[in-house]
Structures are given as C-alpha cells and as structure tokens.
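Worksheet: the structure to be examined is printed underneath.
Predicted model, so just to flag it, every value in this text is computed and none were measured.
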Amino acid sequence: MSEKKYIPGYGPLGAKIMVLSECPTYEDNQAGKLFSKAGELKRLMQESGINPNNCWMTSVSKFHVPPNVGKKKIPFAIRAKTEGIDIAEQLRDLQSEINAIQPNCILGLGK
C-alpha cells in the first residue's frame, strides 16, 4: 500500500465551476496539492475564458489510488479498496463538498 495522504479540494467558496478528477496523482500526493502538474489543463481553461483560480478543484477520492498497470484493467473502486480507501465514504464526502460549494457546473476529468 502507498502512503495514505489526504489531499483536499481547494478554491473559492461559491465557485461556479468545480473541476473534478478521479483522485490525486502520484505527483499531487508528493506535492500535497491537487492538479500540481496541470499546466496544460489550466492553459486550456484560460484559452476558453475560464480562470482556473475561480474554480473549485477537487477529486472523488482525496487519497491517491495507483493507476492500472499492464493490460488487465482493474476498476477504480477495487484498486481503491486494495489501498484501504472506502469509496462509499469518499463519495459521501464529495457530496458534502458539492453541497457546500454549490457549483453551477462540474467538469469531470478522466475516464
């Protein structure tokens, strides 16, 4: 199991756009911040007229879940469980986060 480090969402309360990823990347886990290596995403957002600093940035799981390795595709929930992460709890926390921020739009990233 990898180190279980909680990486919270961030941004302005009341943000109209929530950017949602599956989980923190390995790099995010090392940096302690979501979207730590998201220069391309932020550039594309700015080109589209969206200021990333005005968005709430978060993830479904606040803990890093290792990606699939090899040809066999293991579902995210199973990989999370293997790491000791309770996805049902993560989803409840995400719902609370959505209720607190109340975005107009949620931009889901990933598969």
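Looking only at distances, no side-chain donor or acceptor of Asn104 sits under 3.5 Å from a matching main-chain atom of Lys16. Under a 3.5 Å cut-off, the side chain of Ser61 and the backbone N or O of Phe63 do form a donor-acceptor pair. Without hydrogens or angle criteria, Ser96 side chain to Arg92 main chain gives a donor-acceptor distance under 3.5 Å. Between the Asp28 side chain and the Ser36 main chain, a donor and an acceptor come within less than 3.5 Å of each other. Under a 3.5 Å cut-off, the side chain of Lys5 and the backbone N or O of Asn29 do form a donor-acceptor pair.
Side-chain contact between Met45 and Asn51 is absent, with no heavy-atom pair separated by less than 4.5 Å. Considering only heavy atoms from C-beta on, Trp56 stays 4.5 Å or farther from Pro103 through its side chain. At a threshold of 4.5 Å between non-hydrogen side-chain atoms, the residues Pro52 and Gln46 count as touching. Side-chain contact between His64 and Tyr26 is present, with at least one heavy-atom pair separated by less than 4.5 Å. Counting heavy atoms from C-beta on, the side chains of Arg79 and Pro66 never come closer than 4.5 Å.
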### Task
Assess whether side-chain contact (heavy atoms from CB on, under 4.5 Å) is satisfied between Thr58 and Val19, documenting all intermediate values.
CA-CA 6 Å; Thr58 195; Val19 180; over 6 Å; no
### Query
Glu97 and Lys62: salt bridge (Lys or Arg N to Asp or Glu O under 4.0 Å), yes or no, with the steps?
CA-CA 12 Å; Glu97 192 175 14; Lys62 303 302 187 271; 2.8 Å; yes
### Query
After noting the C-alpha distance and the side-chain angles of Phe35 and Ser59, does the key distance pass the side-chain contact (heavy atoms from CB on, under 4.5 Å) rule?
CA-CA 10 Å; Phe35 299 99; Ser59 58; over 6 Å; no
### Message
Show, in sequence, the C-alpha distance, side-chain angles and deciding distance for Ile101 and Met18, and conclude whether the side-chain contact (heavy atoms from CB on, under 4.5 Å) test is met.
### Response
CA-CA 8 Å; Ile101 303 303; Met18 177 179 277; 4.1 Å; yes
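The pair Glu47-Arg43 meets the salt-bridge criterion, since a charged nitrogen lies less than 4.0 angstrom from a carboxylate oxygen.
Transitive grouping of hydrophobic side chains (ILVMFWY, heavy atoms separated by less than 4.5 Å) brings Ile98 and Leu91 into a common cluster. Residues Val69 and Ile85 do not share a hydrophobic cluster, defined by chaining ILVMFWY side chains whose heavy atoms lie under 4.5 Å apart. The hydrophobic cluster containing Ile106 also contains Ile87, counting ILVMFWY residues as joined when their side-chain heavy atoms lie under 4.5 angstrom apart, directly or transitively. The cluster map of Ile, Leu, Val, Met, Phe, Trp and Tyr, joined by side-chain heavy atoms under 4.5 Å apart, puts Leu109 and Ile50 in the same cluster.
The CG atom of Leu34 sits 8.0 Å away from atom CE of Met57, with the distance rounded to the nearest 0.5 Å. A distance of 13.5 Å separates NZ of Lys81 from CD1 of Ile74, quoted to the nearest 0.5 Å.
When every heavy atom of Val65 is checked against every heavy atom of Cys23, the shortest pair comes out as N-SG, 3.5 Å.
Inspection of the Gln90 and Asp86 side chains reveals no N or O donor paired with an N or O acceptor under 3.5 Å.
Heavy atoms from other residues, nucleotides or ligands lying under 6.0 Å from OH of Tyr10 number more than 12.
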